[in-house]
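Here's the structure we're looking at; comments come further down.
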Amino acid sequence: MSTTKNAAAQALAGDADIPAAQRLALYRMQYVIRVCEKRAHDLFLQNLVKGTTHLAHGQEAVAAGFAAAMNPDDYSFCTYRGHHHTLARGVGMLPVLGELMGRQCGLMKGKGGSMHLTSVEHGVMGSYAIVGAHLAIAAGAAWSAQYRGTQQVAAAFFGDGATNIGAFHESLNLAAVWKLPVVFVCENNRYMEYTPIREVTAVEHPAADRAAGYGLPRIVIDGNDADVVYRTAREVFAKARAGGGPSLVECLTYRHGGHSRADPAKYRPKEEVEAWMKRDPIVLYRARLLAAGVAEAQLAAIEAETMRTLDEATEQAKGSPPPALESALTDVWADGGASWRN
Amino acid sequence: MSTTKNAAAQALAGDADIPAAQRLALYRMQYVIRVCEKRAHDLFLQNLVKGTTHLAHGQEAVAAGFAAAMNPDDYSFCTYRGHHHTLARGVGMLPVLGELMGRQCGLMKGKGGSMHLTSVEHGVMGSYAIVGAHLAIAAGAAWSAQYRGTQQVAAAFFGDGATNIGAFHESLNLAAVWKLPVVFVCENNRYMEYTPIREVTAVEHPAADRAAGYGLPRIVIDGNDADVVYRTAREVFAKARAGGGPSLVECLTYRHGGHSRADPAKYRPKEEVEAWMKRDPIVLYRARLLAAGVAEAQLAAIEAETMRTLDEATEQAKGSPPPALESALTDVWADGGASWRN
Amino acid sequence: MAQLSYRDAVAAGIAQEMRRDQRVVLFGEDIAAAEGVFKTTVGLLEEFGPRRVRDTPISELAILGAAMGAAMTGLKPVAEIMFSDFLACCWDYVANQIAKTRYMSDGQVSIPLVIRTANGAGVRFGAQHSQSVENWAMAVPGLKVVAPSNAADAKGLLAAAIRDPDPVLFFEHKGLLAGKAEVPDGEHVEPLGQAKVLRRGNDVTLIALAAMVPCALKAADALVREGIAATVVDVRCLVPLDARTLLAEAARTGRVFTVEENPRLCGWGAEIASIIHEECFSALKQPVVRITTPHVPLPAADRLEDSVLPSPERVASEVRRALGK
Amino acid sequence: MAQLSYRDAVAAGIAQEMRRDQRVVLFGEDIAAAEGVFKTTVGLLEEFGPRRVRDTPISELAILGAAMGAAMTGLKPVAEIMFSDFLACCWDYVANQIAKTRYMSDGQVSIPLVIRTANGAGVRFGAQHSQSVENWAMAVPGLKVVAPSNAADAKGLLAAAIRDPDPVLFFEHKGLLAGKAEVPDGEHVEPLGQAKVLRRGNDVTLIALAAMVPCALKAADALVREGIAATVVDVRCLVPLDARTLLAEAARTGRVFTVEENPRLCGWGAEIASIIHEECFSALKQPVVRITTPHVPLPAADRLEDSVLPSPERVASEVRRALGK
Ligand SMILES: Cc1ncc(C[n+]2csc(CCOP(=O)(O)OP(=O)(O)O)c2C)c(N)n1
Ligand SMILES: Cc1ncc(C[n+]2csc(CCOP(=O)(O)OP(=O)(O)O)c2C)c(N)n1
Ligand SMILES: [Mg+2]
Ligand SMILES: [Mg+2]
């Protein structure tokens with residue numbers, strides 16, 4: 001194993017700014033997300049995931065690239081489409097799939113569900129299902145970090161659609177005025193639920209074209225290239241840690257599937273889908289690694305190991321009991337209970 | 001009288017784009033607003049106006065200029081600081097003062113109060129006391145005009161502080177996308193209640209610097225010059241009527257008094273106040289008219305007539321009874337009543 | 001009579017009114033081209049075109065603000081807020097602007113609009129997409145509040161809401177959308193403000209709303225097999241409230257149970273129970289029993305969600321307990 | 001003991017906690033340099049500096065969102081929403097985010113924050129600046145709800161709210177701000193969740209909150225001169241609710257009146273009346289009477305506003321009527 005790693009490291013030495021090990025980690029994380037999201041989809045079709053799911057396959061590079069640039073004590077704030085960011089911060093596939101399936105082994109033991117993945121231990125401060133709300137919450141966490149004098153940053157991930165909601169505007173302004181260490185990351189996948197963002201937005205780039213309104217630079221990047229994302233993330237986080245205030249990053253990307261559940265996404269033109277599928281972040285990244293001399297076997301090993309972990313997680317989740325019914329009546333309050341009277 | 005008018009008309013012929021009669025009307029309206037606001041203040045100090053008032057003295061040129069460019073069936077949407085826009089659309093001083101005093105003769109017979117002046121008959125579709133809310137309502141009225149195929153425009157007047165609230169953002173975007181005949185007019189008087197806008201805003205021009213975020217041109221004007229305001233208003237209304245969509249206009253101005261009630265506005269630097277007092281829109285406009293050859297006597301006549309009307313209105317309002325108590329239980333519903341059950 | 005699903009009945013109600021009145025316009029997120037995320041607006045863009053049926057940005061403030069402005073100036077907007085939980089994102093428009101402006105203007109302004117929204121639990125969407133918030137609306141003077149329990153009412157009450165000159169909050173229950181029922185052919189309008197007695201029994205009165213109506217009916221079915229005869233009343237409209245019918249049915253049995261989906265505190269059940277206590281105290285054999293979801297956010301997992309929502313079993317057992325059986 | 005006004009007591013409560021705990025930060029519109037539009041934060045910027053006492057833009061969403069994010073990550077924010085009516089502008093944060101996130105996260109996240117807001121009528125500010133909306137908050141699981149009626153409680157309950165590990169909505173009544181009372185010297189903390197019996201009489205029990213407490217006390221004064229002895233209970237906290245005290249005082253007289261400032265429907269009075277009916281039905285000589293503002297927006301003119309708010313006269317006359325006097 002370790003000889004292979006060294007070979008890869010040499011092969012990538014040309015791109016000195018991203019160490020080879022980091023590149024392999026970026027690949028691994030993208031792959032983890034991809035197969036875990038596919039599995040979530042299969043489980044949904046098998047009626048083992050109830051309610052809804054919002055998958056992020058196609059958007060792996062954004063999650064992998066940003067998370068790779070974060071310190072363990074940094075904060076992530078995600079949306080209902082948050083599995084990728086949760087996994088990227090190091091949460092296991094078992095607690096994620098378990099939560100989707102409403103099992104005791106789930107990240108929140110079934111109380112939150114797929115839209116609310118939270119793992120404070122990993123810095124995943126929650127996934128929020130009301131569009132745009134978490135931008136202000138992330139700003140608050142950044143304020144707290146600033147106040148406490150830590151070097152923590154907060155990152156809020158959100159969709160193109162979220163740029164037209166009031167909370168976006170208020171959060172950006174407050175963060176800019178208070179120079180908060182927060183990074184606002186727009187994953188512009190061109191669609192809201194089913195409606196194209198361009199049909200309801202006054203500017204072409206829903207996030208970046210608004211940056212100037214908060215005194216921020218305009219940043220639009222290729223969200224399907226994990227290296228580009230990672231480099232950008234390093235920069236904006238460094239700026240935030242240095243007291244330079246917030247950034248707003250628009251990542252151009254595409255979801256491979258529908259908005260949620262079993263949405264076949266028929267509203268998207270065939271050519272558009274095909275063009276974007278050609279830019280599959282994982283296919284591209286794999287090719288880049290191979291071109292840089294990483295051995296096919298090494299990537300295959302990563303993939304095989306990931307699939308093994310995934311299959312194990314799936315079986316474990318399937319075998320996990322539903323949560324105890326009493327848990328529905330716990331944790332309303334800090335005392336662990338739900339009592340509102342004596 | 002009519003000879004005097006002709007003389008003035010000739011005197012102003014140089015500035016051909018604004019007819020002399022219009023200029024006199026602009027002066028008259030600014031004067032009406034000024035003295036009516038001062039009277040409101042006096043009545044407040046006499047405890048005849050209960051609750052609160054938000055005066056617009058100093059901001060007369062914005063109201064006079066915009067209203068002069070409106071058609072009778074156009075819509076105005078104002079804030080709690082809305083007396084000037086209400087008067088500018090032709091509402092009498094009596095119903096305005098009467099409403100402030102909570103009398104039967106008030107515009108809404110005391111049910112709304114100073115912050116909610118409404119006169120549908122004059123196109124004043126309401127004054128809204130929650131910062132920013134009416135921007136979206138104005139957009140809706142503009143949509144209705146567009147849908148009905150009329151030539152009506154809607155104007156929403158608001159303060160600098162309102163530019164940092166979510167409804168501002170959502171309204172601008174919607175209006176731009178739907179190309180609505182609505183004009184958003186920011187009266188940037190540099191302060192919110194007591195806090196300077198620059199301390200809490202990421203950009204220098206809280207409205208204009210955000211215009212590009214909605215695909216709109218950047219417009220900042222001297223809000224203390226009624227001619228400038230009037231010319232701008234004509235343009236943006238013409239654009240709206242022609243199907244060219246919304247505009248966002250930032251008018252630089254200053255309130256001569258405090259935010260509300262008896263606020264002495266001590267938070268404002270003396271030099272700043274002095275500088276702005278030198279730019280009193282009414283003093284400037286009067287001087288301009290005189291310079292252009294309008295007779296002092298004519299202006300004095302306007303002033304005297306206005307004061308007479310004001311004094312009469314004041315006396316009448318003082319003599320007007322309080323509203324009938326039953327009226328507190330009317331007009332919740334379209335049937336005129338307040339009944340929610342059988 | 002045709003069999004229609006609740007979701008199709010919603011679309012049919014809107015279509016009926018749009019055909020009748022050019023002033024009716026429909027808008028919201030994903031309601032036009034996508035025909036609604038709950039498929040409650042199928043066919044409407046096709047029939048009425050993009051001028052009258054419009055997709056909006058994700059801008060709940062702008063949606064309700066625009067609805068209000070349009071309603072004040074001659075249109076009759078039907079605005080969709082996708083999930084009723086999101087009413088919280090535009091509550092200022094609901095509670096402060098739309099509800100109060102007629103009153104504040106001394107009747108100068110009319111606001112004839114309908115806010116449609118998907119309400120309620122049972123579909124495992126978790127705490128931010130499952131709430132029953134009709135009590136939020138009931139607490140605000142100036143709003144009419146409607147929550148149909150079946151397809152026929154979905155069409156008829158929605159038609160009436162659109163014709164109504166006042167603002168109406170129209171709660172479509174997510175758990176009922178697929179359910180089919182007979183819906184009268186031709187023009188169908190059900191007046192607002194009339195509760196409906198769905199079945200009569202002399203032992204107890206169950207008062208329910210929306211998804212709790214089928215729940216109460218199932219409980220009544222179970223109880224009748226045990227010799228307990230239940231009256232079931234569908235409240236249908238919280239405002240205007242048909243207090244007369246509720247009071248009459250309460251007095252007839254003297255044993256009243258409200259069945260609410262919302263969390264415990266300050267629900268419509270508390271209001272209706274209070275009215276019944278106030279106005280037919282002496283006819284009551286027992287205090288009104290409120291059956292509600294406990295005062296907790298809604299959990300996502302199916303088993304957990306089911307455990308907190310009122311169920312036919314829980315309703316039946318509350319009735320048995322009250323009767324000492 | 002010092003005489004303090006309610007508004008000064010608010011500032012004193014905040015200052016006491018800020019001295020004690022560096023994690024407490026204060027922010028809102030015009031609260032720092034201007035010391036609050038109601039002068040409830042006088043001296044705090046001076047003592048604690050701009051790092052801990054901050055003016056914000058007019059951005060209610062950002063204010064509460066930032067408060068929540070800060071509370072989740074180690075601070076104890078005290079956020080001001082200037083008027084409680086504006087809670088409608090950020091209700092999503094109150095009802096969907098702040099109230100539910102601990103639960104949804106299975107207890108991983110704590111949100112120890114206080115939302116202070118000026119509540120209530122009587123100052124002729126009209127329908128959008130005068131509401132009593134504590135019942136909105138009571139209806140949402142996950143929120144504690146406090147509404148003090150006097151200066152001592154303003155300080156003591158606010159201190160307890162700041163120390164509390166859960167989110168607390170703290171309603172400061174505009175009509176009470178100028179009123180003075182004895183406030184204990186030194187550290188003063190009043191536990192949440194305890195109602196207070198302010199006077200005891202055996203004929204009737206008046207249950208009131210915030211500005212309705214002095215109203216009920218005045219009514220009791222008038223009634224005692226007519227030989228009617230009233231118990232007056234100050235609820236103080238709606239959540240947690242001291243149901244035990246309310247039930248005991250209800251049972252003792254058997255005649256209960258709730259005195260609420262909010263509009264009629266779904267107020268806290270309906271909830272408390274329901275609880276009393278449910279749990280001490282047999283001890284009641286009459287149904288609980290709810291005295292409320294009618295279900296209308298609030299008018300601005302002084303005479304009109306006074307005519308709709310509950311007054312001591314109205315309370316007394318409701319009591320007389322119930323007693324057949
Ligand atoms: C305030 C609010 N409005 C509407 C919704 C319903 N909704 C959920 S996801 C979504 C689309 C969001 O699009 P975008 O921000 O682009 O994110 P994406 O789903 O593409 O990741 C909508 C409208 C919501 N959850 N919250
Ligand atoms: C949503 C909301 N937040 C706060 C307030 C309280 N408030 C009333 S006026 C005002 C200042 C507004 O400043 P600006 O928009 O500049 O208007 P101006 O008063 O200067 O005309 C504030 C904060 C309010 N009415 N609505
Ligand atoms: Mg998107
Ligand atoms: Mg201002």
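By convention in this document, chain letters (A, B, ...) are assigned in the order of the sequence lines, proteins followed by strands, and residues within each chain are numbered from 1.
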- Go through D:K100 and A:V332 one step at a time and tell me if the side chain to side chain contact (heavy atoms under 4.5 Å, CB included) criterion holds. CA-CA 7 Å; D:K100 295 179 169 49; A:V332 174; over 6 Å; no
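For a residue to count as touching a neighbouring chain, one of its non-hydrogen atoms must lie under 4.5 Å from one of that chain's; by this rule D:D92 touches chain A with the side chain only. At a 4.5 Å heavy-atom cutoff, the contact between D:I275 and chain A is made by side-chain atoms alone.
The candidate from A:A139, A:G166, A:A136, A:A142 with the greatest count of non-hydrogen atom pairs under 4.5 Å with chain D is A:A136. Between chain D and the residues A:W143, A:Y75, A:Y147, the most heavy-atom pairs under 4.5 angstrom are made by A:Y147. By number of non-hydrogen pairs under 4.5 angstrom with chain A, the leading residue of D:T73, D:I63, D:L247, D:T56 is D:T73.
Residues of residues 14-21 of chain D lying under 4.5 angstrom from chain A, judged on non-hydrogen atoms, do not exist here. Residues of residues 334-342 of chain A that come within less than 4.5 angstrom of chain D, heavy atom to heavy atom, are A:A334, A:W340, A:R341, A:N342 in numerical order. Using a 4.5 Å heavy-atom cut-off against chain D, the contacting residues of residues 174-186 of chain A are A:L174, A:W178.
Remark: side-chain polar atoms of D:Y93 are paired, donor with acceptor, to backbone N or O of A:A133 under 3.5 angstrom.
Side-chain contact between A:K111 and D:M104: absent, with no pair of heavy atoms (C-beta onward) separated by less than 4.5 Å.
Rounding to the nearest 0.5 Å gives a distance of 12.0 Å between OG1 of D:T101 and NE2 of A:H134.
A:W333 and D:Y103 have their aromatic ring centers separated by at least 6.0 angstrom.
A:T118 and D:S105 form no side-chain donor-acceptor contact under 3.5 Å, judged by distance and modelled atom types alone.
Take A:D160 and apply the side-chain hydrogen bond (donor to acceptor under 3.5 Å, both in side chains) test, not counting sequence neighbours, and it matches no residue.
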